[in-house]
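Written out below as structure tokens is the structure these notes cover.
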Number of protein chains: 2
Amino acid sequence: MDEIDDAGIMTSRTPPLVTAPQKRLKRSDALAARIRDLISQNGLSPGDRIPQKWLEDEENRASKGTVREAMKSLETQGLIKSRTGPGGGAFVTALSGDQAIGLLNNLFLFNKPDIGDIFALRKLLEPELVLSLAGKLDEKGIATLQATIRLYDNEPQTAQDAFQQTIAELDFHAVLASLAGNQILGFVCVFLQSLLRDLTDINADPEQPFAAVAEAGLPYQVRLVRLLKAGDGAAAQALMRRHLEDSERFLLGHASIRGRARIRT
Amino acid sequence: MDEIDDAGIMTSRTPPLVTAPQKRLKRSDALAARIRDLISQNGLSPGDRIPQKWLEDEENRASKGTVREAMKSLETQGLIKSRTGPGGGAFVTALSGDQAIGLLNNLFLFNKPDIGDIFALRKLLEPELVLSLAGKLDEKGIATLQATIRLYDNEPQTAQDAFQQTIAELDFHAVLASLAGNQILGFVCVFLQSLLRDLTDINADPEQPFAAVAEAGLPYQVRLVRLLKAGDGAAAQALMRRHLEDSERFLLGHASIRGRARIRT
DNA sequence: AGATATTTGTTCGTATGTATT
DNA sequence: TAATACATACGAACAAATATC
């Protein structure tokens, strides 16, 4: 494949992508990888059963315990679920969005994300999301959205109250994202929201005085749904943009953010 | 917490978010969850060792095999790695971006993403990425970027050639993303690129005639790096935007995309 | 370099739990 | 209720890897 030219420069047709380590795999890992390949090669779909044959390969046999480890790995990857009893076994499942986000949260376990970084993305994506949704929601979508609206009869008194409201509002945004025609856009939005939610424990700051965010008239969720229903995409987009700016300003101003934990490299 | 009012309506301060199933967990899953909690509660960092005590809980003891399953689960989540030999054991690790993307790929295993959906996001994010990078790259960043540039001395003859070049170019974009100041932005960009990469197998269409994408003068990567170096953010952003539009047009026009596999619900 | 101790990795036999028939 | 088929769990051994002397 690779060749060395006259100048001694190696020209590769397959440039080094991500540096493949490729140490010898453990038996369980090799087995898990093989089964995953078999699933996609044989076109198995969610609900299909993993054939026993695959677990009893003659060439590269593994004992029960090792097979169990491989299956456990596939299970935590959200690829299979096992059922007991007659007719039971390992069945292919589709990784759910919630599960995927659960796995992703580990990514920032030792490396707390920056609130500003999260909002930089949210401000880019969520206005685009509402623009794509304006005038395109059916009755059911509107109803789902309205069911999520939480009205707070009492004004938040402390920064803690306001913070909890801000977090609770994320549910509304999550429903909005789930309605997206672009499923990847929806997923990324929910991911960003979950990152923000996970900062709750850290940011709780009960006593800090609180200067209310000016939200004139109706709460923004009600106004947003109305604009979406009316199909006024530009106005909905602008409203969302303003709302995100307000939220960010509030969180940055009132939440005590722990500095990023550095990862040893 | 929850209260029942006179009308018999239950008012909950914590509205039902995602409907927690909470079936009885398997011993291995319970153990894995407990260890994960212990890791964050005790503030363990990557490199720290998991105390043996945690695996030998008196109250809720599990056998060696079960413990191994729990550890395997944590390992596939990217939270630990185990080493053999004296002083070995299970050590906390930080989930790497590559690993996380590997886990995410399962999300679209039975639900092929739409190329248009991917590009809708890329066109939103990557121009923003280069804008944030313009004039802010140090010598090392520039060098890394330049090392990734691949010059194709021969014009692509078939759609297959051009397709492979388009995929190979993703490496350049990945390096670009890795240089982002906003780590979440970088991660999402790499994720989108990997989604595109995974479509390679599906789209290979060797014989289709190919109408070359007009790229005047120097390849766009060289021009982009120059603009970034010069600090001309607006021009770099516009160039990236045009390039992504070209790539999308090409892929949509010449790649035969398998219809989305529907997931049984 | 080689022996040794330590710790994970793998296997087998067996028993228990659970859902179907 | 009982028989069946399957996953789940336990315990004891042996094999392989690796750091230390």
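Lettering of chains follows the sequences in order, A, B, ..., and the numbering in each one begins at 1. Because the structure is a prediction, the values reported are computed rather than measured.
No more than 12 heavy-atom neighbours from other residues, nucleotides or ligands sit within 6.0 angstrom of CZ on B/Arg83.
Put simply, the side chain of A/Ile80 does not reach to within 4.5 Å of the side chain of A/Arg36, judged on heavy atoms. Counting heavy atoms from C-beta outward, B/Leu125 and A/Leu121 have side chains that approach closer than 4.5 Å.
A salt bridge links A/Lys72 with B/Asp29: the distance from a Lys NZ or Arg NE/NH1/NH2 to an Asp or Glu carboxylate oxygen falls below 4.0 Å.
Whole-Å rounding puts the A/Ile50 CD1 to D/dC6 P distance at 15 Å. Here D/dC6 presents its C1' atom at 13 Å from CG of A/Leu55, a figure rounded to the nearest Å. If you take NZ of B/Lys26 and P of D/dA7, they are 10 Å apart, rounded to a whole angstrom. We find that CZ of B/Arg83 is positioned 11 Å from P of D/dT20, with the value rounded to whole Å.
Against DNA chain C, the stretch residues 60-74 of chain A makes heavy-atom approaches under 4.0 Å through A/Arg61, A/Ala62, A/Ser63, A/Lys64, A/Thr66.
B/Arg122 pairs by the side-chain hydrogen bond (donor to acceptor under 3.5 Å, both in side chains) definition with B/Glu126, B/His173, not counting sequence neighbours.
Between chain A and DNA chain C, the heavy-atom contact criterion of under 4.0 Å yields a 5' to 3' nucleotide range of C/dG9 to C/dT20.
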### Message
Evaluate A/Phe110 against B/Ile39 for side chain to side chain contact (heavy atoms under 4.5 Å, CB included), listing each step before the verdict.
### Response
CA-CA 11 Å; A/Phe110 307 106; B/Ile39 289 176; 4.1 Å; yes
### Message
side chain to side chain contact (heavy atoms under 4.5 Å, CB included) for B/Leu55 and B/Ile35? Distances and angles first, verdict last.
### Response
CA-CA 8 Å; B/Leu55 313 179; B/Ile35 292 178; 3.4 Å; yes
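Among the heavy atoms of the strands, none lies under 4.0 Å from A/Glu75.
The 5' end of DNA chain C is approached more closely, in terms of each residue's nearest nucleotide, by B/Thr84 than by the other of B/Thr84 and A/Gly87.
Put simply, A/Ser82 has a side-chain N or O that comes within less than 4.0 Å of OP1 or OP2 on D/dT8.
Inspection of the B/Ser73 and B/Gln77 side chains reveals an N or O donor paired with an N or O acceptor under 3.5 Å.
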